[in-house]
Structures are given as structure tokens and as C-alpha cells.
Asker: 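Sharing a structure below in C-alpha cells format, with a few things to ask.
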Amino acid sequence: MTQADPSNNMPNTPLRKAVGYCIGHPMISVGAFVGIVSLFFLAFPGVDIWASGLFYSDPAGFTAENVDFLRKVRHLGPFLVRVIAVICVAVLVIKFFVPSLPPLMPLRKPVFLLSTLILGPGVLVNLILKNNWGRPRPRMVEEFGGDLPYQPVWKVTDYCYSNCSFVSGEASASMWLVAVAFLVPASWRKPALAFLLPLCAILSVNRVAFGGHFLSDTLISWGLTLLVILAGHWLLYAKKPPLISDAGLDEWFTVKGRRLQRSLQRRGIRTRRVLRRVLRKFSES
């Protein structure tokens with residue numbers, strides 16, 4: 001005799017419907033999140049000042065950046081990103097240079113992680129937004145001891161020329177770590193998210209506490225990065241058929257790797273021949 005699923009007896013409340021829609025339409029939901037957050041901070045810019053003000057004291061400034069433990073916490077996010085990126089590159093390089101070796105993991109995983117890292121935190125956040133939108137960081141604005149006016153989200157200005165406040169690069173990188181949860185077995189997904197999401201929040205709030213970013217920089221950065229992750233996952237996994245398969249990547253790296261091996265062997269043969277000729281000339285002279 002089968003037992004009824006208790007979740008089927010739960011009332012179909014508006015909240016449950018909203019959660020179900022978000023789960024079923026993640027890209028639309030995250031896009032809406034970015035839009036709502038943007039409109040909120042455009043309508044209520046004082047929330048940005050208030051949030052940063054929680055960590056500011058006059059004349060000491062943003063004192064959290066002088067706390068040794070918090071400085072070490074700040075470096076944890078970039079360290080984890082580098083470790084994952086190095087592992088991904090190593091998997092692809094090993095397959096490329098040793099094409100006869102089975103891949104150390106399905107190759108879509110490192111391709112997914114590296115492509116979303118490059119396109120999200122790399123291109124979209126750092127190359128496009130931070131270097132072109134010109135928003136001064138909290139420590140640079142008049143409300144917190146600086147000499148520049150506060151600028152709202154999405155407003156392009158010339159108050160800052162590169163590596164500016166909008167949006168947060170480190171918040172983007174910390175949200176990118178959540179991409180790992182898309183690739184772990186289903187039974188590990190909740191524990192992975194239980195670790196990665198609080199870590200993302202801690203690393204991001206740390207930047208607000210240091211006066212490096214406004215709250216709006218962080219929240220919008222989360223949404224934009226998650227959109228890139230979701231798009232990459234859809235293209236490589238959810239789309240039917242996917243943009244490329246593990247077998248297709250394996251074959252591509254095998255073919256290119258063997259071609260490289262043959263090329264290197266030919267160059268090696270030519271080099272040995274040249275060396276023999278040179279040695280003969282020296283021995284005959």
C-alpha cells in the first residue's frame with residue numbers, strides 16, 4: 001500500500017505558487033530579480049547610503065577593512081575561484097596533451113565552469129560594467145568622507161574611470177561558486193548550496209563593510225552572474241539536444257590532441273635531422 005505524498009495535501013498558497021514558478025522558470029525569475037532590485041534602488045537610493053552607513057564611523061571610516069580576520073575572509077573567495085579554475089584548466093590540458101587518456105571528468109563540467117567564469121565575472125562584470133559605468137565606490141562619496149557625489153545604479157558617469165563600484169566583481173565571483181552546485185549529484189546539491197550560498201553572502205557583505213561596494217552593486221551583481229550561469233547550464237545541459245555533449249568534447253580534444261602530437265613528432269624529427277647535420281659539420285671541420 002503506497003503512502004500519499006504529504007506535499008500534495010498542502011494548500012496551494014500564492015507563496016507556494018510563486019516558489020514553484022521561480023523553480024520552473026529560473027532565468028525569467030532571476031531577470032525579474034535584477035529588474036526589481038534595480039528599480040527599488042533607483043526609487044530609494046537612500047537604502048544604499050543607509051546600508052553602507054551601518055559599517056561607517058566618522059572619522060575612523062570603514063573600520064572593518066582594518067580587521068585582520070575579515071581581510072583574510074576577503075581572500076577566501078578569489079582563492080576558491082582560482083583553485084576551481086586551475087583544476088578545470090588542468091583537466092582540459094591533460095586531455096589535450098594526452099588524448100589517449102580518458103578525461104578525468106566529463107568535459108562539459110570544466111567547459112561550463114570556465115565559460116561562465118569568463119563571461120560572467122570576467123567579461124560582463126569586470127570588463128563591461130566596472131570599467132564603463134563610472135560609479136564611485138562608497139569610500140569615495142561625500143557621505144563617507146570622499147569628494148564625489150553618490151551615483152544611482154545603471155547611471156553612466158565619468159567620476160570613476162576603471163575598476164569602479166558598479167557592479168561588484170567579488171560578489172560576482174562568489175556567486176559564480178554556486179555554479180559548482182549545478183554539477184554535483186542531486187543528493188549533494190542541497191548540502192552544496194547550504195555551504196555555498198552563505199559563503200557567497202559573507203564574502204559579498206564583507207565588501208560592503210569595507211566600503212568597496214554599495215548593497216545595490218552586490219545584489220545586481222548576484223543576479224547578472226546567476227543569469228550567465230543559468231544560460232550556460234541551459235545551453236550545455238538542459239537544452240535538447242545540448243550545444244555540445246561530453247562525447248563530442250572528448251572526440252574534439254582527442255582529434256586535436258593527436259594532431260598536435262603528430263605535428264610535434266614531425267618537428268622533433270626535423271630538429272634531430274638539423275642537429276645531426278650541424279654535428280657532422282663540426283666533426284668534419
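Fair warning: this is a prediction, and the values are worked out from it, not measured in the lab. Numbering starts at 1 and runs along the sequence shown.
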Asker: Tell me, please, which residues at least two apart from K95 pass side chain to side chain donor-acceptor pair (under 3.5 Å).
Answerer: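 K95: side chain to side chain donor-acceptor pair (under 3.5 Å) contacts with D250, T254.
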Asker: Tell me the side-chain hydrogen bond (donor to acceptor under 3.5 Å, both in side chains) pairs involving residues 235-245, sequence neighbours left out?
Answerer: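 Every pair satisfying side-chain hydrogen bond (donor to acceptor under 3.5 Å, both in side chains) with a residue in residues 235-245: there are none.
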Asker: Atom OG in S216, atom CH2 in W154: separation rounded to 0.5 Å?
Answerer: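 Rounded to the nearest 0.5 Å, the OG-CH2 separation comes to 10.5 Å.
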Asker: Calculate, to the nearest 0.5 Å, the distance between atoms CD1 and CG belonging to I49 and L215 respectively.
Answerer: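 Nearest 0.5 Å value for the CD1-CG distance: 11.5 Å.
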Asker: Show which side-chain atoms of residues 185-205 pair as donor or acceptor with protein atoms under 3.5 Å away, not counting sequence neighbours.
Answerer:
unit_1	atom_1	unit_2	atom_2	d
R189	NE	A181	O	3.2
R189	NH2	V184	O	2.9
S204	OG	S174	OG	3.2
S204	OG	C200	O	2.8
S204	OG	W222	NE1	3.0

Asker: What pairs meet the salt bridge (Lys or Arg N to Asp or Glu O under 4.0 Å) rule with one or both residues in residues 136-148, with sequence neighbours excluded?
Answerer: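 For residues 136-148, and leaving out neighbouring residues, the salt bridge (Lys or Arg N to Asp or Glu O under 4.0 Å) pairs sorted by first residue read E65-R139.
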Asker: Rounded to the nearest 0.5 Å, what separation is found between the CZ atom of R270 and the CZ atom of R267?
Answerer: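 It is 7.0 Å, given to the nearest 0.5 Å.
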Asker: Keeping to residues at least two apart or across chains, list the ring pair (Phe, Tyr, Trp, His ring centres under 6.0 Å) pairs with something in residues 14-34.
Answerer: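 Listed once each, the pairs are Y21-H25.
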Asker: Quick one: which residue pairs count as a disulfide bond (SG atoms under 2.5 Å apart) with a foot in residues 12-43, not counting sequence neighbours?
Answerer: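 Residue pairs passing disulfide bond (SG atoms under 2.5 Å apart), neighbours aside: none found.
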Asker: By the salt bridge (Lys or Arg N to Asp or Glu O under 4.0 Å) test, which pairs, at least two apart or in different chains, include something from residues 45-57?
Answerer: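 Counting only pairs at least two positions apart or across chains, the salt bridge (Lys or Arg N to Asp or Glu O under 4.0 Å) contacts touching residues 45-57 are D48-R135.
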Asker: Please report the shortest heavy-atom distance between T63 and S57, naming the atom on each side.
Answerer: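 It is CG2-OG, 4.0 Å.
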Asker: Hey, would you say the F62 and F210 ring centroids sit under 6.0 Å apart?
Answerer: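 Not close enough - the centres of the two rings lie 6.0 Å or further apart.
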Asker: Going by the rule ring-ring contact (aromatic ring centres under 6.0 Å, His included), which residues pair with F182 if we only count those two or more places apart in sequence or in a different chain?
Answerer: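 For F182, the residues satisfying ring-ring contact (aromatic ring centres under 6.0 Å, His included) (neighbours in sequence not counted) are H233.
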Asker: Assigning hydrophobic clusters by single linkage (Ile, Leu, Val, Met, Phe, Trp, Tyr; side-chain heavy-atom cutoff under 4.5 Å), is F79 placed with F69?
Answerer: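 The answer is yes; both residues are in one hydrophobic cluster.
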Asker: Test: disulfide bond (SG atoms under 2.5 Å apart). Region: residues 114-186. Which pairs qualify, not counting sequence neighbours?
Answerer: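 Residue pairs passing disulfide bond (SG atoms under 2.5 Å apart), neighbours aside: C160-C164.
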Asker: Measure the spacing between CG of L107 and CZ of F96 and express it to the nearest 0.5 Å.
Answerer: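 Interatomic distance, L107 CG to F96 CZ, rounded to 0.5 Å: 12.5 Å.
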Asker: Using atom types as modelled, flag every donor-acceptor pair under 3.5 Å from a side chain in residues 255-265 to any protein atom, sequence neighbours excluded.
Answerer:
none

Asker: Locate the shortest heavy-atom distance separating P136 from Y159; write the atom from each residue and the value.
Answerer: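 Heavy-atom minimum between the residues: CG-CB, 3.7 Å.
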Asker: For K72, what residues pass the side chain to side chain donor-acceptor pair (under 3.5 Å) criterion, not counting sequence neighbours?
Answerer: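 For K72 the side chain to side chain donor-acceptor pair (under 3.5 Å) partners, ignoring immediate neighbours, are D68.
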Asker: How many angstroms lie between CG in L224 and OG in S38, if you round to the nearest 0.5 Å?
Answerer: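 Answer rounded to 0.5 Å: 7.5 Å.
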Asker: Do T157 and W133 pass the side chain to side chain donor-acceptor pair (under 3.5 Å) test, and can you show the C-alpha distance, the side-chain angles, and the key distance before you say yes or no?
Answerer: CA-CA 6 Å; T157 76; W133 255 248; over 6 Å; no
Asker: Might you point out which heavy atoms bring L227 and G31 nearest each other, and give the distance in Å?
Answerer: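 L227 and G31 have their closest heavy atoms at CD2-N, 3.9 Å.
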Asker: So P99 and F253, do their side chains get closer than 4.5 Å, heavy atoms only?
Answerer: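 They are not in side-chain contact.
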Asker: For T225, enumerate each residue passing the side chain to side chain donor-acceptor pair (under 3.5 Å) test, keeping only those at least two apart in sequence or located in another chain.
Answerer: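 T225 satisfies side chain to side chain donor-acceptor pair (under 3.5 Å) with S172 once adjacent residues are dropped.
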Asker: Any chance you could lay out the side chain to side chain donor-acceptor pair (under 3.5 Å) test for N131 and S162, step after step, and finish with the verdict?
Answerer: CA-CA 4 Å; N131 283 341; S162 66; 4.8 Å; no
Asker: Roughly how far apart are L129 CG and L124 CG, rounded to 0.5 Å?
Answerer: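 Here the rounded value is 5.0 Å.
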